[in-house]
Amino acid sequence: MMLALPRSFYQRPATDVAPDLLGKLLVRQTELGLRIGRIVEVEAYLGREDLAAHSSKGVTPRTQVMFGEAGHAYVYLIYGMHHCMNVVTGPAGSGSAVLLRALEPVQGLALATNGPGRLTRAMEIDKQFYGADLCRPDSTLYLADDGPHPPAEILTSPRIGVDYAGAWAAAPLRYYLAESAWVSGRPAARSRARNRADKTFSKN
DNA sequence: CGGTCGATGATT
DNA sequence: ATCATCGACCGC
């Protein structure tokens, strides 16, 4: 199997880890086979002072993994139906993490992967991975390097869906690959996802 | 196209 | 009551 990224990769500020995650592989070993996607869009959540971060509420049953050791998964359910996956970053106690928002399909992916809810659905990631250690060699969920790539332009923007967070709503903490067609909210990816869904549903 | 809204359940 | 979302539906 591929080599999981070492814990030291995650033990840095979320603002360093987030752009470095772009181009990395998210690897998921399911019962049926390997599913792999290349990360093209992420968001950094900085910790207690960041009003958009769940950890700004302090340590709760839900957020405690954010305050734990870096390199673990923080998975939560949003709007009653979608899971979102973060990787915990920084020193323990910082409450910082990076949300994975979109993948470019590489292997074994049949469903759309643009958007945090679709990403977890396509990769079959749910709360069973809450707190999972992404650095264990036997993990069925981990991140890995994708070998050498040509240099890719990284853009930033405010984070999506955090308008409630006051001044933090405007912070440029969303990072994405400029040229990727798989970033969420992109017209090309949207119609592609739409066509795929239409095919799935017309199969009666 | 773009705006708007309902689903659905954990969290506070 | 709110929400780190998605997709359906509406009007143009």
With the side chain of [X] defined as its heavy atoms from C-beta on, choose the nearest nucleotide among [options].
X	options	result
A/P61	C/dC6, B/dT12, B/dA10	B/dT12
A/L99	C/dG7, B/dT11, C/dA4	C/dA4
A/Y76	C/dC6, C/dA4, B/dA7	C/dA4
A/K127	C/dT5, C/dG7, B/dA10	B/dA10
A/L77	B/dT8, B/dA10, C/dA4	B/dA10

Spacing of [X] atom [atom1] relative to [N] atom [atom2], expressed in whole Å:
X	N	atom1	atom2	value
A/M81	B/dT8	CE	P	6 Å
A/L111	C/dG7	CG	C1'	14 Å
A/Y130	C/dA4	OH	C1'	15 Å
A/Y164	C/dA1	OH	C1'	14 Å
A/L100	C/dT5	CG	P	13 Å
A/Y79	B/dT4	OH	P	16 Å
A/H82	B/dT11	NE2	P	17 Å
A/H54	B/dT12	NE2	P	9 Å

Less than 4.0 angstrom between a side-chain N/O of [X] and OP1 or OP2 of [N], yes or no?
X	N	answer
A/T60	B/dT11	no
A/R62	C/dC3	no
A/R101	C/dT5	yes

Contact nearer the 5' end of DNA chain B, comparing A/T63 with A/I78: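 Closest to the 5' end, via its nearest nucleotide, is A/I78.
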Can you tell me which residue among A/V87, A/N86, A/V42 is in a side chain to side chain contact (heavy atoms under 4.5 Å, CB included) with A/L99?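 Answer to the side chain to side chain contact (heavy atoms under 4.5 Å, CB included) test with A/L99 among A/V87, A/N86, A/V42: A/N86.
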What residue among A/L143, A/L103, A/D145, A/V106 forms side chain to side chain contact (heavy atoms under 4.5 Å, CB included) with A/L25?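 The passing option is A/V106.
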So if I take residues 152-162 of chain A and measure heavy-atom distances to DNA chain C, which residues fall below 4.0 Å?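 Residues of residues 152-162 of chain A under 4.0 Å from DNA chain C: A/I160, A/G161, A/V162.
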Evaluate the side-chain proximity of [Y] to [X]: yes if any heavy-atom separation is below 4.5 Å, no if none is.
X	Y	answer
A/R7	A/D133	yes
A/F129	A/T120	no
A/E124	A/L32	no
A/D50	A/R159	yes

Going from CE on A/M66 to NE2 on A/H54, what distance comes out if it is rounded to the nearest 0.5 angstrom?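 NE2 of A/H54 is found 7.5 Å from CE of A/M66.
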Could you grab the distance from atom OH of A/Y76 to atom OG1 of A/T63, nearest 0.5 Å is fine?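 Between A/Y76 OH and A/T63 OG1, I get 12.5 Å after rounding to 0.5 Å.
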So what does the secondary structure string of DNA chain C come out as, 5' to 3', with Watson-Crick or wobble pairs under 3.5 angstrom, [ ] for crossing and | for pairs with another strand? |||.|||||||.
Run the salt-bridge test on A/K24 and A/D146 with the 4.0 Å N-O cut-off and return the result as yes or no.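 No, A/K24 and A/D146 are not salt-bridged.
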Whether A/Y45 stacks on the six-membered ring of C/dA4 base, 5.5 Å and 30° limits: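 Per 5.5 Å and 30° rule: yes, stacked.
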Could you give me the CA-CA distance, side-chain angles and deciding distance for A/S184 and A/R174, then say whether side chain to side chain contact (heavy atoms under 4.5 Å, CB included) is met? CA-CA 11 Å; A/S184 71; A/R174 171 173 173 256; 4.2 Å; yes
